[in-house]
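Within every chain, numbering begins at 1; the chains are lettered A, B, ... in the order of the sequence lines, protein sequences first and strands thereafter.
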Amino acid sequence: MKQTIEALILQAVETLKTSGVLDINTLPSVTIERCRDAQHGDFATNLALLLAKPAKTNPRQLAEKILAALPAHEAVTKVEIAGPGFINFFINPNRQYAIIPTIHELGRDFGLSTVGEGKKVQVEFVSANPTGPLHVGHGRGAAYGSVVADLLQAVGFEVHREYYVNDAGRQMDILATSIWLRYLEECGEVLVFPSNGYRGDYVREIAWKIHKASANQYHQPIAAVLENIPADEPQGGDKDVYIDALIERAKTLLGLENYREVFQVGLQDILQDIKVDLSEFGVDYQHWFSEQQLMDDGSVEKALNRLRETDYLYEQDGATWFASSRLGDEKDRVVVRENGQYTYFASDIAYHHHKLERGFDQIIDIWGADHHGYIPRVRAAMRALGADDSKLTVLLVQFAILYRGEEKVSMSTRSGDFVTLRQLRNEVGKDAARFFYAMRRSEQHMDFDLKLATSKTNENPVFYVQYAHARVCSVLRQLDEKGWQRNLPLGMDNLTLLSTEHETALLGTLARYPEVVEKAALQYEPHQLILYLRDLAHEFHTYYNAHQFLVDDAPLRDARLNLVCAVKQVLANGLGLLAINTPETM
RNA sequence: GCGCCCGUAGCUCAGCUGGAUAGAGUAAUCGGCUACGAACCGAUCGGUCGGGAGUUCGAAUCUCUCCGGGCGCACCA
């Protein structure tokens, strides 16, 4: 319908142009909105307001001319000018019933579209370091990223979901060393755990598993481990120097091969946990991309060579720098450290180079908001690699602050004192967790109230939407119990009986669904879909309370059932996009 | 200090590519089950859109400035 009106307007503008009334070349993007107030009709455009200035006339006069040039259309019953110069369109009420057979025919496909034109888009999200289980902070990125990906797919993009596994680098060495130290404790050694080590219980569990599987194979006396090692921070030393020394010692005492084994067991154990966790949360990937692989197959070297060829690399103070400041970054960045090791940024350049080479039309990175300062250097890298950095879209997800009622839940990662995503799922369930995460704009700092999400009362918005779906199912069960059968064609033939204001409102809301999906997808805003579903559920509940569906009058009954089943279908489609269940009973 | 995000009803948030009277939920008060599920519905109450200035037909929305909160500013990831 919206497209129809847009076509009519464009035609009118063309007419005015040829007749010389309008002397403009560029047309501002025409906005056609659904009216909030029914008195203003069904659709409105502010075209005359926008064109008044370039046309050197006042908005209302221009609106008159547009109106005169507007071709007639059977669906449009009335067009009028209102307010400062809005043009309001009134749609033939009989047109609105068509949405019900449309929904019935398309079923699960209702709401899908092809605006993405099959373009290849890669969405990378979560990508948390595999140094521990996912916590509730990652949950928001997971929920947001997966819904953005699913939305894009729904509107016709070819979506590739990817998790970048930071399985190389210092943090992983700290993890491996932490595991080994816990393992030594399993062997009976007594030690003070490094202040910069990973102290979560999962580290002990991995150590315990290794010890169980291979007994004392990796055992070394603690005295040998600590010999000539500088002091840790609490003893007046530096915690980074201390842990680095321990890492080196672990490698020496264990030998590289044994060290690798401990490292790999830790990595695989945690990675597997993350994979299962996300999968149970309704998040699935096409690819888990290894950073180590970039190191091993020469991708990092290759990418850096590209930069060197184009003269963006230079040596200084023993390190290799990328001249990102020439491309918009605030300063240059080290890519190879003095000790010869690549920085995280070096492999990230290679990773984005790799993404570009894979031929994606669009690359979407979803990061925690704390990484926002990182954006300019990645863009700089893409440009230095000769790519168009407008291919890259970085979406930032703000942190969620956890509350349990009034009480703030503390979060400290290194100490192991944090609420995991798994705990959250166990406590509030997948559906509520996803719904809560996706309910807010991603850039919005959000308060996540565990108590509210857990509550099974009317305070919980998840149940509100699910309940609407279950209610329709319940109506259908009641129909059966009363010995009636739903007569679908009879209902379709009598849709014009749906004339109460509740029914009209529902028809309009149902028709809006594809627009909502498209907008939510193109703007990367899942919360718009959630708000819509709440609206739809609300209108349904209101309707339910106002009118009996299972009436004796069969044509009316079947017409209402067809409407209500359309609501059920759209609720299911919308919740499906959010990977939230649609229960038949609650 | 510099950069990014945010500030809207008591609370949690929509609305932000400028548009018609600023909306939900929740809390508070009142009302609705002999009804297809009351996990629901209806009504009332509740606002200097953080403050100020500017841009124009028109600003919660754009610009500037100040205030307040969050996050960044590594040869960490």
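The partner of rA38(B) is absent, by the rule that a Watson-Crick or G-U pair needs both atom distances under 3.5 Å. Across all strands shown, rC2(B) is found opposite rG72(B) as a Watson-Crick or G-U wobble partner, with both distances under 3.5 Å. When both distances must be under 3.5 Å, the Watson-Crick or G-U wobble mate of rG25(B) is rC11(B). rC64(B): Watson-Crick or G-U partner is rG52(B), with both key distances under 3.5 Å.
Look at Tyr544(A) and the base of rC36(B); the rings stack, centres closer than 5.5 Å and planes less than 30° apart.
Rounded to an integer number of Å, the gap from Tyr464(A) OH to rA38(B) P is 13 Å. Here rC13(B) presents its P atom at 12 Å from CZ of Arg441(A), a figure rounded to the nearest Å. Straight-line distance from the NE2 atom of His445(A) to the C1' atom of rG72(B): 12 Å, rounded to whole Å.
The residue among Val336(A) and Gly373(A) whose nearest nucleotide of RNA chain B lies closer to the 5′ end is Gly373(A). Between His527(A) and Asp370(A), the residue whose closest nucleotide on RNA chain B is further toward the 5' end is His527(A).
Within the 4.5 Å cutoff, the side chain of His372(A) has no heavy atoms near those of the Val394(A) side chain. Counting heavy atoms from C-beta outward, Asp558(A) and Asn494(A) have side chains that stay 4.5 Å or more apart.
Closest approach to the Ser474(A) side chain among rC6(B), rC36(B), rG37(B) is made by rG37(B) (side chain taken as heavy atoms from C-beta onward). Comparing rC40(B), rC71(B), rC36(B) by their nearest atom to the side chain of His372(A) picks out rC71(B). Closest to the side chain of Tyr467(A), out of rA39(B), rC71(B), rC41(B), is rA39(B). Here the side chain of Gln171(A) is nearest to one of rG19(B), rA77(B), rG72(B), namely rA77(B). Ranking rC13(B), rG37(B), rA20(B) by closeness to the Met446(A) side chain, first place goes to rC13(B). Considering only side-chain atoms of His538(A), the nucleotide from rG42(B), rC5(B), rG37(B) that sits closest is rG42(B). Closest approach to the Phe549(A) side chain among rC40(B), rC36(B), rA77(B) is made by rC36(B) (side chain taken as heavy atoms from C-beta onward). Closest to the side chain of Glu330(A), from the set rG72(B), rA14(B), rC73(B), is rC73(B). For Thr343(A), whose side chain is taken as the heavy atoms from C-beta onward, the closest listed nucleotide among rA77(B), rG70(B), rG25(B) is rA77(B). Looking at the side chain of Arg477(A), the nearest of the listed nucleotides rC40(B), rG37(B), rG72(B) is rG37(B).
Of the charged side-chain nitrogens involved, none lies within less than 4.0 Å of a carboxylate oxygen, so that Arg333(A) and Asp348(A) do not count as a salt-bridged pair. A salt bridge links Lys355(A) to Glu124(A): at least one charged side-chain nitrogen sits closer than 4.0 Å to a carboxylate oxygen. Using a 4.0 Å cut-off between a side-chain N of Lys or Arg and a carboxylate O of Asp or Glu, Arg560(A) and Asp553(A) do not qualify as a salt bridge.
Using atom C1' as the reference point in both rA9(B) and rG72(B), the two lie 33 Å apart (nearest Å). Taking atom P in both rC2(B) and rG47(B), one finds a spacing of 37 Å when rounded to whole Å. rA27(B) sits 32 Å from rG19(B) when the P atoms are compared, rounded to a whole Å. Taking the C1' atom of each, rA22(B) and rU65(B) are spaced 25 Å apart, rounded to whole Å.
Contact between the side-chain N/O atoms of Thr542(A) and the OP1/OP2 oxygens of rG42(B) is found at a separation under 4.0 Å.
One N or O donor and one acceptor, one from the side chain of Asn88(A) and one from the base of rA20(B), sit under 3.5 Å apart. Scanning atom types as modelled, no donor and acceptor separated by under 3.5 angstrom connect the side chain of His371(A) and the base of rG72(B).
Taking the six-membered ring where the residue is Trp, Tyr351(A) and Tyr164(A) present parallel rings, their angle staying beneath 30° rather than reaching 60°. Taking the six-membered ring where the residue is Trp, Phe540(A) and Tyr544(A) present tilted rings, their angle falling between 30° and 60°.
No engagement by His502(A) is indicated, since no non-hydrogen atom pair under 4.0 Å with the nucleic acid exists.
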